A.B. asks: 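The structure under discussion is supplied below as structure tokens; questions concerning it will follow.
Computed from a predicted model, the values in this text were never measured in an experiment. Throughout, protein chains are lettered first and strands after them, A, B, ... in sequence-line order, and every chain is numbered starting at 1.
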Amino acid sequence: MPQMVKAIANEMHIQQAFLSNSTIHTIYFGGGTPSLLSLEQISFLLNNIHQHFTIASDAEITLEVNPDDCTPEKLQAWRNAGINRLSIGTQSFREEDLKWMNRSHNALSAIRAIEQAHQASFQNISIDLIYGIPGLTTEAWLQNVQQATQLPIQHLSCYALTVEPKTALSNAIQKKLLPDINTDEQALQFELLMQWLPDAGFQQYEVSNFAKPGFESKHNSSYWKGIPYLGLGPSAHSYNGQWRQWNIANNSLYLQSIEKGIIPAEIEELTPSQKRNEQIMIALRMKEGIYFNQLSNLFSSEHKAALLSNADKWINRKLMEWLPEVQQLRLTTKGMLYADGIAADLFETT
Amino acid sequence: MKNIRNFCIIAHIDHGKSTLADRLLEETQTIGSREMMDQVLDDMDLEREKGITIKSHAIQINYNHKGEDYILNLIDTPGHVDFSYEVSRALAACEGALLLVDATQGIQAQTISNLYLAIDNDLEIIPVINKIDMDGAMIPEVTDQIVDLIGCKPEEILLASGKTGIGIQDILNAIVERIPPPAGDENAPLQALIFDSVFNSFRGIIVYFRIMNGTLRKGDKIQFVSTGQNYIADEVGILKLNMVPKDSLSAGNVGYIITGIKNAKEVKVGDTITLAANPGEMIQGFEEVKPMVFAGIYPVNTDDFEELRECMEKLQLNDASLTFELETSKALGFGFRCGFLGLLHMEIIQERLEREFNQTVITTVPNVSFHAYSTKGDKIVVNNPYEMPDPTRLDRIEEPFIKAQIITLPEYIGNIMTLCLGKRGILINQSYLTPTRVELIFEMPLTEIVFDFYDKLKSSTRGYASFDYSPIGYREADIVKMDILLNGDKVDALSALIHRSRAQDFGRKLCEKLKELLPRQQFQIAIQAAIGAKVIARETISAMRKDVTAKCYGGDISRKRKLLEKQKEGKKRMRQIGNVEVPQEAFLAVLKID
């Protein structure tokens with residue numbers, strides 16, 4: 001067993017009380033390329049999880065995979081090992097886009113991977129698509145989305161291409177070797193997406209996430225609902241309702257620390273005001289927005305009144321709506337385009 | 001009196017004046033090396049860092065020369081163009097001057113103008129070439145420059161290094177042997193020249209003076225000639241590293257007086273101290289110092305206005321040349337209209353507010369003081385764009401002109417001509433001081449050097465130009481008020497008074513700059529520059545179509561929250577003009593426009 005896999009199992013052991021022995025409803029292998037793990041390694045980790053935690057019988061267990069790593073045999077083996085949801089990193093069905101993003105797979109192998117997963121009796125398949133790539137026309141984007149919705153998938157994450165600083169991409173754009181992204185174009189493609197996907201049966205439930213009814217990602221929804229989670233491995237983030245913590249990113253330092261029985265994490269205790277700000281930020285990303293009835297211990301009537309009065313200008317501009325009968329404050333479809341700026345504006349100053 | 005020598009040091013910035021002064025004090029054991037901090041004469045942080053002696057001081061040196069004790073009073077002079085009047089008063093308090101020239105740099109414009117001031121005051125000039133130990137020292141060339149300039153013999157020029165101490169003894173000897181002792185009658189009515197003052201929070205204003213005639217005793221009832229105000233001399237004394245009280249001081253001496261004055265405005269540099277009972281005449285050369293450049297200063301947070309007011313008041317206590325009055329701006333709230341001696345003075349005030357008082361401020365478009373004449377013949381002094389009368393009521397406007405003196409290398413004459421003529425300058429004279437030093441004299445509108453002139457001059461001569469100026473009165477000019485509008489709302493803090501021929505260009509650049517600095521908002525923003533109702537430039541910021549990040553999962557939440565909190569914090573500092581949010585950098589942008 002590789003050192004890293006063993007270390008993750010060890011971390012699990014050290015952290016087994018982090019979630020206060022509550023029942024686990026979702027497990028997610030992600031943040032990297034977990035499809036590179038051998039079946040034996042995946043089983044080893046799943047066994048360890050079952051030893052240390054109570055897992056609900058209907059738990060959602062997701063594996064993030066690259067289309068290239070999918071073969072009928074592997075897919076079947078993952079399914080047999082208990083994986084019941086796949087997140088396939090398709091990104092695009094257009095060769096130009098895949099080349100532009102330096103992806104190793106091609107459009108056909110992505111389609112094949114989805115079909116084979118379906119044949120391996122995966123009934124909860126998610127894929128992701130990227131838009132706002134230079135050269136992606138509106139027509140091409142529509143074709144891409146149509147291609148996706150014709151496949152046997154239940155869930156779709158669509159992300160606008162983001163240029164992270166200090167990456168090869170941002171360097172190339174700075175040196176004018178590649179055209180810069182056009183945010184107006186991205187906005188248009190996002191707006192169109194929010195029209196097209198519901199027509200194809202995929203409802204938007206978060207800024208970037210669309211699903212057939214009942215197939216919303218339970219795991220990701222937990223993040224947005226403020227439910228505690230435990231992340232394992234280098235760079236992994238955890239939240240227990242009181243504080244957030246994140247492991248060191250450096251692999252060898254992570255291994256050294258776990259070896260000594262120490263979790264190499266930085267901890268951030270949240271003040272009530274910070275918790276409210278987080279709640280505003282993540283709840284507004286969700287279609288259902290802020291449900292005050294479920295948040296009464298975090299938002300007093302004063303907090304609620306202040307928030308609503310701040311939201312007034314956004315409501316007037318039809319970027320937000322307030323449904324008093326259900327005590328729900330949420331973004332309109334148009335407002336989804338400005339989720340960050342509006343959230344920041346509604347923040348309490350700390 | 002025959003054993004007193006009063007002298008100053010004339011030097012360009014960075015030519016080593018402060019270091020040389022340190023050596024003189026050290027060599028004469030005026031200060032022990034234990035108390036010796038580098039460059040003791042510059043005691044404000046800012047002066048140390050900028051290498052500019054902003055406020056002049058004085059110090060007494062005791063020196064034994066050939067068995068006789070001498071008192072050498074070193075009077076320090078400020079070293080920037082904005083302070084030429086203060087320099088002239090410090091020079092008037094001396095009989096001699098060290099002309100200090102950097103061996104690697106040669107003579108600079110400012111050195112020359114101060115040298116002329118010294119010669120006008122009949123000072124004995126002792127030329128010193130400093131930094132002779134440096135690699136790039138050009139001793140023969142600099143010697144020639146000095147000989148050409150003051151007509152001395154080469155052997156009269158002293159060679160020194162403030163850093164290593166070479167030549168310090170020669171300088172001390174020359175001060176005693178070449179500079180004449182002060183003249184004056186200690187029994188005549190008192191005439192003491194005020195050359196500086198400082199504020200001390202315990203003692204009030206401490207006034208520095210040089211007695212020309214008469215005697216000043218502790219307890220005397222004194223009078224300031226220009227104001228006619230009487231005071232009691234609570235304490236008089238001489239200036240060592242610390243103040244040393246004395247019972248009396250008489251003609252020829254340099255000292256300080258404390259009278260309990262709290263307001264720096266009552267003490268005017270160049271004024272004469274005399275006795276109320278037996279008044280002497282005003283010493284020649286006194287002028288009321290008038291601010292030349294005006295700008296608004298506003299707190300970044302409107303809540304901090306009262307705090308800023310306190311700081312401005314404290315600042316004025318030790319800088320009487322700073323003037324300010326209350327001003328309100330729709331864009332910026334409450335602030336002050338401030339008058340400065342010049343642009344550097346403005347920068348110094350800004351920096352002192354930041355460093356000494358922890359105030360971050362927004363400074364608005366600076367302007368000079370214009371004279372507007374109405375059709376009825378009234379004269380209106382316009383120090384602020386909103387004071388400009390309606391064009392229909394205007395007969396004419398006059399603007400202040402300066403005589404600008406620039407010294408440079410011959411290869412940069414072309415660039416300087418382009419720069420100065422482009423700024424409405426008129427070439428008055430061009431002469432070669434030495435084969436490699438050219439002096440250019442221009443008459444220019446002062447308003448043209450308020451914007452980016454120094455930086456431009458520096459870049460177009462790669463730093464090989466030095467500049468000095470003096471005001472030469474007012475001339476008629478076609479000055480207009482240019483406004484900036486955001487979605488139709490006027491931003492009063494960005495209005496500018498400008499020559500009509502420059503308005504379009506400036507307006508365009510300002511609109512372009514604002515387009516860079518204003519964040520996109522959820523709607524389109526029109527940026528316009530206008531003279532009256534006539535729009536002369538326009539830029540448009542298109543609406544922001546999207547402001548949402550794609551991913552926000554478990555590992556992104558903390559970072560994302562902090563990012564948005566920071567954004568919120570930044571918004572708090574923005575100013576609302578109509579429906580447009582304007583970051584404070586936008587208000588500072590105008591200062592960066594060429």
Side-chain angles (χ1 to χ4, degrees), chain A residues 28 30-31 130-132 157-162 183-188 190-191 206-208 219-220 222-224 226 229 231 235-239 244-246 266 268 270 274 277-278 280-282 284-285 314 317 319 331 335-350, chain B residues 299-304 360 486-487 489 515-526 539-586:
Chain A
Y28 197 100
I130 312 275
Y131 61 91
S157 302
C158 298
Y159 305 117
L161 177 73
T162 317
T183 49
D184 288 356
E185 196 73 18
Q186 288 193 334
L188 177 66
F190 180 43
E191 274 183 291
E206 194 257 1
V207 169
S208 304
H219 186 83
N220 290 336
S222 304
Y223 294 137
W224 303 321
Y229 54 91
S235 281
H237 284 237
S238 303
Y239 176 58
R244 296 193 181 279
Q245 67 179 51
W246 46 92
E266 201 175 317
E268 181 188 44
L270 297 173
Q274 286 171 331
N277 285 349
E278 278 191 354
I280 291 168
M281 177 181 86
I282 52 186
L284 285 184
R285 291 180 65 86
W314 303 111
R317 277 149 75 176
L319 297 177
L331 295 175
M336 281 286 176
L337 287 159
Y338 303 108
D340 285 3
I342 295 174
D345 181 66
L346 297 180
F347 270 16
E348 291 173 22
T349 33
T350 46
Chain B
V300 166
N301 292 322
T302 40
D303 301 347
D304 297 340
T360 28
L486 296 178
N487 279 354
D489 285 305
K515 183 176 178 171
E516 260 172 54
L517 291 169
L518 294 183
R520 287 171 91 192
Q521 293 173 35
Q522 290 101 355
F523 41 81
Q524 177 177 294
I525 304 170
E539 291 285 336
T540 307
I541 300 177
S542 58
M544 172 175 56
R545 290 283 323 277
K546 174 174 162 291
D547 179 18
V548 55
T549 35
K551 291 188 185 186
C552 187
Y553 297 119
D556 306 313
I557 293 171
S558 201
R559 189 169 48 99
K560 180 95 187 145
R561 189 201 77 232
K562 284 175 196 152
L563 200 76
L564 295 187
E565 276 173 349
K566 215 169 140 194
Q567 195 176 317
K568 168 93 182 182
E569 200 56 40
K571 279 223 171 149
K572 222 172 63 180
R573 288 203 304 271
M574 288 198 194
R575 300 305 167 93
Q576 194 83 27
I577 309 289
N579 57 1
V580 183
E581 281 168 336
V582 183
Q584 47 171 306
E585 305 91 76

A.B. asks: Most heavy-atom pairs under 4.5 angstrom with chain A, which of B/R561, B/K560, B/K568?
C.D. replies: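 Ranked by heavy-atom pairs under 4.5 Å with chain A, first place is B/R561.
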
A.B. asks: Can you tell me which portion of A/E268 sits under 4.5 Å from chain B's heavy atoms? Options are side chain, backbone, both or neither.
C.D. replies: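 The side chain, not the backbone.
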
A.B. asks: Counting distance only, does the side-chain N/O of A/W224 pair as donor-acceptor with the main-chain N or O of B/C552 below 3.5 Å?
C.D. replies: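 Indeed, once roles are kept as given, a pair shorter than 3.5 Å links the two residues.
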
A.B. asks: Closest approach of B/R575 and B/P299, non-hydrogen atoms and distance?
C.D. replies: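 Looking at all heavy atoms of both residues, the closest pair is NH2-O, 2.9 Å.
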
A.B. asks: Under 4.5 Å, counting heavy-atom pairs only, tell me which of A/R285, A/R317, A/M336, A/E191 racks up the most with chain B.
C.D. replies: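 Result: the option with the highest number of such pairs is A/R285.
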
A.B. asks: Identify which part of A/S157 has an atom lying under 4.5 Å from any heavy atom of chain B, answering side chain, backbone, both or neither.
C.D. replies: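 The side chain, not the backbone.
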
A.B. asks: My understanding is that only residues two or more places apart in sequence, or in another chain, count here; which of them pass ring-ring contact (aromatic ring centres under 6.0 Å, His included) with A/Y223?
C.D. replies: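 A/Y223 satisfies ring-ring contact (aromatic ring centres under 6.0 Å, His included) with A/H219, A/Y229 once adjacent residues are dropped.
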
A.B. asks: For each of B/K571, B/R520, B/K566, tally heavy-atom pairs with chain A at distances under 4.5 Å, and name the one with the top tally.
C.D. replies: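 Of B/K571, B/R520, B/K566, B/R520 has the most heavy-atom pairs under 4.5 Å with chain A.
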
A.B. asks: Relative to chain B, which segment of A/I280 carries a heavy atom at a distance below 4.5 Å: side chain, backbone, both, or neither?
C.D. replies: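 No part of A/I280 comes within 4.5 Å of chain B.
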
A.B. asks: Less than 3.5 Å apart, any donor N or O on the side chain of A/E348 or A/N277 sitting next to an acceptor on the other?
C.D. replies: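 Result is no, nothing qualifies.
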
A.B. asks: Does B/K546 qualify as a cation-pi partner of A/Y338, given the criterion of NZ or CZ under 6.0 Å from the six-membered ring centre and within 45 degrees of its axis?
C.D. replies: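 Not flagged: B/K546 not positioned over aromatic ring of A/Y338.
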
